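Owing to the predicted nature of the structure, the values given are computational and were not obtained by experimental measurement.
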Amino acid sequence: MAHGAGGRAMGRMIEAVFARHFDNEWLRAGNDGAVLPGLLPNERLVMATDSHVVSPLFFPGGDIGCLAAQGTINDVAVMGARPLWLAAAFILEEGLPFAVLDRVVASMAAAARQAGVPVVTGDTKVVERGKGDGIYINSSGVGVIAPGVELSGRNCLPGDAVLLSGYLGDHGIAIVATREGLNLEVPVASDAAPLGALTRSVLAAAPQTRCFRDPTRGGLASTLNELARQSGTCMLVDEALVPVRDAVRGASDLLGYDVYHLANEGKMVAVVAAEQAEAALAAMRQSPYGAD
């Protein structure tokens with residue numbers, strides 16, 4: 001299971017198997033999506049894909065449907081692109097109630113409409129009872145990058161500021177609390193949210209933004225490790241400055257989780273030149289998804 005958790009074991013597996021066999025210049029960049037040449041002069045596209053496996057399917061603040069839309073849209077957006085289209089593939093387990101399927105698809109459709117990104121193609125498969133955990137969703141997205149935008153983890157430089165758009169760990173604890181039937185004194189809801197408008201605002205305010213990341217699987221710790229590995233720089237984290245809700249910190253301590261490894265679905269990490277950090281923060285705080 002560690003090979004799917006977004007940490008060191010997963011990174012080693014990707015390098016040893018997938019990167020070795022699929023090796024090419026786009027994959028080698030190691031970003032959340034691939035920057036590809038378009039058909040027109042100076043046109044560049046971004047393509048990203050993500051698979052969604054979550055139990056339970058529904059939880060406070062979201063469900064597997066909205067995650068499948070927002071997760072891929074965010075992977076395109078953090079590459080500095082404007083998301084344009086989504087594809088969706090559903091793997092359904094025999095016996096899944098149609099009412100559950102309808103609710104999941106309606107939620108995914110609503111999230112896609114909210115972001116202004118239509119689902120334009122897809123695929124459906126059904127597997128035998130007991131072999132699908134209800135429903136799995138793969139979503140792929142395509143977007144376009146404006147001229148002059150060059151974002152990558154390789155761009156991080158010593159002295160840059162690492163910015164976080166809000167509280168850590170809300171999504172991870174919301175999932176665990178629902179799955180384990182925990183009644184937290186202060187309920188925690190998932191932070192699932194689209195980040196496209198937020199990334200565009202930060203880029204407009206801070207053109208020297210080096211890169212964005214959404215710290216999903218593996219959390220902030222894995223994200224910073226990825227950026228450090230890509231750029232050859234070290235990341236220094238002042239834990240007192242990292243925002244974590246008291247309820248999330250308490251639940252993490254109770255359950256033995258490290259909050260820096262908890263998944264997030266509506267947060268953004270931005271690495272920005274130090275002289276533009278305040279402008280980037282101000283842009284974040286003007287957005288409902290960066291107010292914290």
Side-chain angles (χ1 to χ4, degrees), residues 6 11 14 19 25-37 42 44-48 50 71-83 141 143-166 168 193-239 241-243 260 264 266-287 289-290 292:
I14 289 172
E25 61 178 294
W26 301 287
L27 192 65
R28 208 176 299 139
N31 292 311
D32 274 352
V35 179
L36 306 169
N42 301 319
R44 292 173 302 153
L45 303 176
V46 165
M47 182 176 181
D50 204 353
T72 296
I73 289 170
N74 290 346
D75 281 346
V76 173
V78 297
M79 293 299 297
R82 179 168 60 89
V144 63
I145 303 181
V149 176
E150 300 285 351
L151 301 182
S152 173
R154 293 175 296 183
N155 297 340
C156 302
L157 295 172
D160 286 346
V162 181
L163 311 180
L164 183 63
S165 65
L168 277 188
L195 299 176
L198 182 59
T199 60
R200 291 192 292 274
S201 296
V202 172
L203 276 176
Q208 292 188 56
T209 297
R210 314 299 191 197
C211 67
F212 298 120
R213 280 289 197 279
D214 52 337
T216 51
R217 266 184 313 173
L220 180 65
S222 292
T223 296
L224 295 186
N225 271 284
E226 287 177 8
L227 297 178
R229 187 167 60 247
Q230 280 185 279
S231 60
T233 58
C234 293
M235 306 287 172
L236 180 64
V237 179
D238 184 342
E239 295 189 17
L241 299 179
V242 179
Y260 298 98
N264 311 271
K267 296 301 186 299
M268 181 179 76
V269 173
V271 181
V272 181
E275 60 269 25
Q276 294 188 355
E278 289 302 322
L281 275 176
M284 282 187 182
R285 289 169 177 158
Q286 289 174 4
S287 164
Y289 301 124
D292 297 318

Exercise for review: Hey, could you give me the CD/CG distance between Glu25 and Leu36, rounded to the nearest 0.5 Å?
Suggested key: 9.0 Å
Exercise for review: Please round to the nearest 0.5 Å and tell me the distance separating atom CD of Gln286 and atom CG of Leu198.
Suggested key: 11.0 Å
Check your understanding: Within a radius of less than 6.0 Å around CE of Met235, do more than 12 heavy atoms belonging to other residues, nucleotides or ligands occur?
Key -> yes
Exercise for review: Say whether, by atom type as modelled, one donor and one acceptor occur between the side chain of Gln208 and the main chain of Ala273 under 3.5 angstrom.
Suggested key: no
Exercise for review: Quick one: pull up CG in Asn74 and CG in Asp50 and give me the separation to the nearest 0.5 Å.
Suggested key: 9.5 Å
Check your understanding: Just by distance, do the side chain of Asn155 and the backbone of Arg210 share a donor-acceptor pair under 3.5 Å?
Key -> yes
Study note, to complete from the structure: One should read off an interatomic distance between Met268 CE and Thr223 OG1, to the nearest 0.5 angstrom, of 12.5 Å
**Study point:** Enclosure of Arg82 CZ (heavy-atom neighbours >12, cutoff 6.0 Å)
**Key:** no
Review point. Are any side-chain N or O atoms of Arg217 and backbone N or O atoms of Ser222, one a donor and one an acceptor, separated by less than 3.5 Å?
Key: no
**Study point:** Glu278 CD: over 12 foreign heavy atoms closer than 6.0 Å
**Key:** no
Review point. Does Val271 offer a backbone N or O that forms a donor-acceptor pair with the side chain of Asp160 under 3.5 Å?
Key: no
Review point. Which distance, rounded to the nearest 0.5 Å, do you find between the CZ of Arg154 and the CZ of Arg229?
Key: 13.5 Å
Exercise for review: Keeping the roles fixed (side chain from Asp214, backbone from Val78), state whether a donor-acceptor pair exists under 3.5 Å.
Suggested key: no
**Study point:** Atom CG of Asp238: over 12 foreign heavy atoms under 6.0 Å
**Key:** yes
Check your understanding: Okay, side chain of Thr199, backbone of Gly196: is any donor-acceptor separation there less than 3.5 Å?
Key -> yes
Review point. If you measure from CG on Asp32 to OG1 on Thr72, what distance do you get to the nearest 0.5 Å?
Key: 10.5 Å
